[in-house]
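It should be emphasised that the depicted structure is a prediction, and the values quoted were computed from it without experimental measurement. Reminder, nothing fancy here: chain letters follow the sequence lines and each chain counts from 1.
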2 protein chains.
Amino acid sequence: MNDLSPKLIDMEVLERVAPVIRVAAHPLRLRILDYLAVSNEPKIVSDITECCGAAPSFVSQQLRILKDQGILRCQRRGTNVYYTIADRSLLHLLACIRHSQGGEQAVGATIHRGEE
Amino acid sequence: MNDLSPKLIDMEVLERVAPVIRVAAHPLRLRILDYLAVSNEPKIVSDITECCGAAPSFVSQQLRILKDQGILRCQRRGTNVYYTIADRSLLHLLACIRHSQGGEQAVGATIHRGEE
DNA sequence: TCACAATATCGCAATGTTGTGATATACTGA
DNA sequence: TCAGTATATCACAACATTGCGATATTGTGA
């Protein structure tokens with residue numbers, strides 16, 4: 001009943017954060033992030049595709065979504081395209097998931113907006 | 001190229017976690033969670049509705065989604081229904097968002113599956 | 001019992017997401 | 001230049017989500 005609005009997170013902030021969270025809300029995209037995080041180096045699309053066990057075109061689409069959100073960055077070298085994590089926001093989330101694989105799970109991330 | 005699959009988070013786990021993250025990927029639902037977290041006590045639907053500035057029917061639907069995922073719990077008392085946080089998984093996420101309102105933002109959560 | 005307030009559900013149109021297969025583009029080496 | 005490999009885009013059907021207004025349900029107090 002009493003007004004808590006000064007304590008609440010700005011609706012504007014929530015609206016900015018929600019799409020980033022949405023990007024993480026898909027098993028395949030989480031897998032891509034996890035793979036790139038564990039690899040700790042740029043990876044080419046065919047490797048990412050293989051580790052996902054999904055159709056290349058679908059993986060490519062998901063890579064684009066992640067890139068458009070600024071989570072990934074890519075660089076072409078010859079016929080290959082290397083993807084790497086550009087925004088480490090969601091890594092905390094992955095770490096939490098990993099640490100709780102049996103029983104309770106965790107999700108944690110730090111969403112950077114703008115520069116690193 | 002080399003096989004990192006033993007280090008990767010199980011696809012099964014990612015598939016279980018993704019829907020919970022998805023539930024958080026909406027500004028209104030984040031607002032509801034934030035409001036209940038800050039209030040730190042059960043709140044009735046009309047209060048939640050007011051703090052959301054959305055149509056009652058829509059808020060009610062979102063409350064159901066959160067309840068169905070086990071994030072919220074509710075209890076009717078007379079003509080009112082009190083909602084409260086049942087699963088503190090996503091609170092870490094809210095805390096991270098709050099701490100980074102200006103500049104970089106953060107998302108963090110611990111997803112409990114099953115009992116508290 | 002009835003009017004009323006609080007909440008929930010329904011029905012629906014608009015929009016977005018998922019996943020596939022076909023096709024296009026970019027680059028390399030022969 | 002051409003065939004071939006790697007990646008991206010397109011078109012599309014199936015399905016899910018968003019958000020609203022109308023209607024239903026639940027419980028209270030008169």
Rounded to whole Å, NE2 of His26(B) lies from P of dT17(D) at a distance of 11 Å

Just how far, in rounded Å, is C1' of dT18(D) from CD1 of Ile32(B)?
14 Å

For Pro27(B) and Glu15(A), which heavy atoms make the closest approach, and how far apart are they?
CG-CG, 3.6 Å

In terms of heavy-atom contacts, Asp34(A) and Arg98(A) come closest through OD1-NH2, 2.6 Å

Round to a whole Å and report the spacing from CG of Asn80(A) to P of dG4(D).
19 Å

For Tyr82(B), which contact category applies under a 4.0 Å heavy-atom criterion: base, sugar-phosphate, or nothing?
nothing

Provide, to the nearest angstrom, the distance between the CG atom belonging to Leu63(B) and the P atom belonging to dA6(C).
16 Å

Measuring from Lys67(B):NZ to Gln62(B):CD, what's the distance to the nearest 0.5 Å?
13.5 Å

What distance separates Leu63(A) CG from Ile32(A) CD1, expressed to the nearest 0.5 Å?
4.5 Å

Separation of dA8(C) atom C1' from Leu72(B) atom CG, nearest Å, is 15 Å

Integer-rounded Å distance: dT17(D) P and Asp68(B) CG:
12 Å

Gln62(B) atom CD is separated from dC20(D) atom P, nearest whole Å, by 10 Å

Kindly determine whether Ile9(A) and Val38(B) satisfy side chain to side chain contact (heavy atoms under 4.5 Å, CB included), including the steps that lead there.
CA-CA 10 Å; Ile9(A) 299 169; Val38(B) 167; over 6 Å; no

Short side-chain N/O contact from Arg64(A) to OP1 or OP2 of dA8(D), under 4.0 Å
no

Judged by each residue's nearest nucleotide on DNA chain D, which is more toward the 5′ side, Arg22(A) or Tyr83(A)?
Tyr83(A)

How many Å lie between NZ on Lys43(A) and P on dT7(D), as a whole number?
12 Å

Determine, for nucleotides 20-30 of chain C in 5'-to-3' order, which nucleotides have protein heavy atoms under 4.0 Å from the base (write B), from only the sugar-phosphate (write S), or from neither (write -).
BBB---SSS--

Any idea which heavy atoms bring Ala54(A) and Thr49(A) closest together, and the distance?
O-CG2, 3.4 Å

Of the options Leu94(A), Leu72(A), Thr84(A), Leu91(A), which is the one that meets Leu36(A) in a side-chain contact (heavy atoms from CB on, under 4.5 Å)?
Leu72(A)

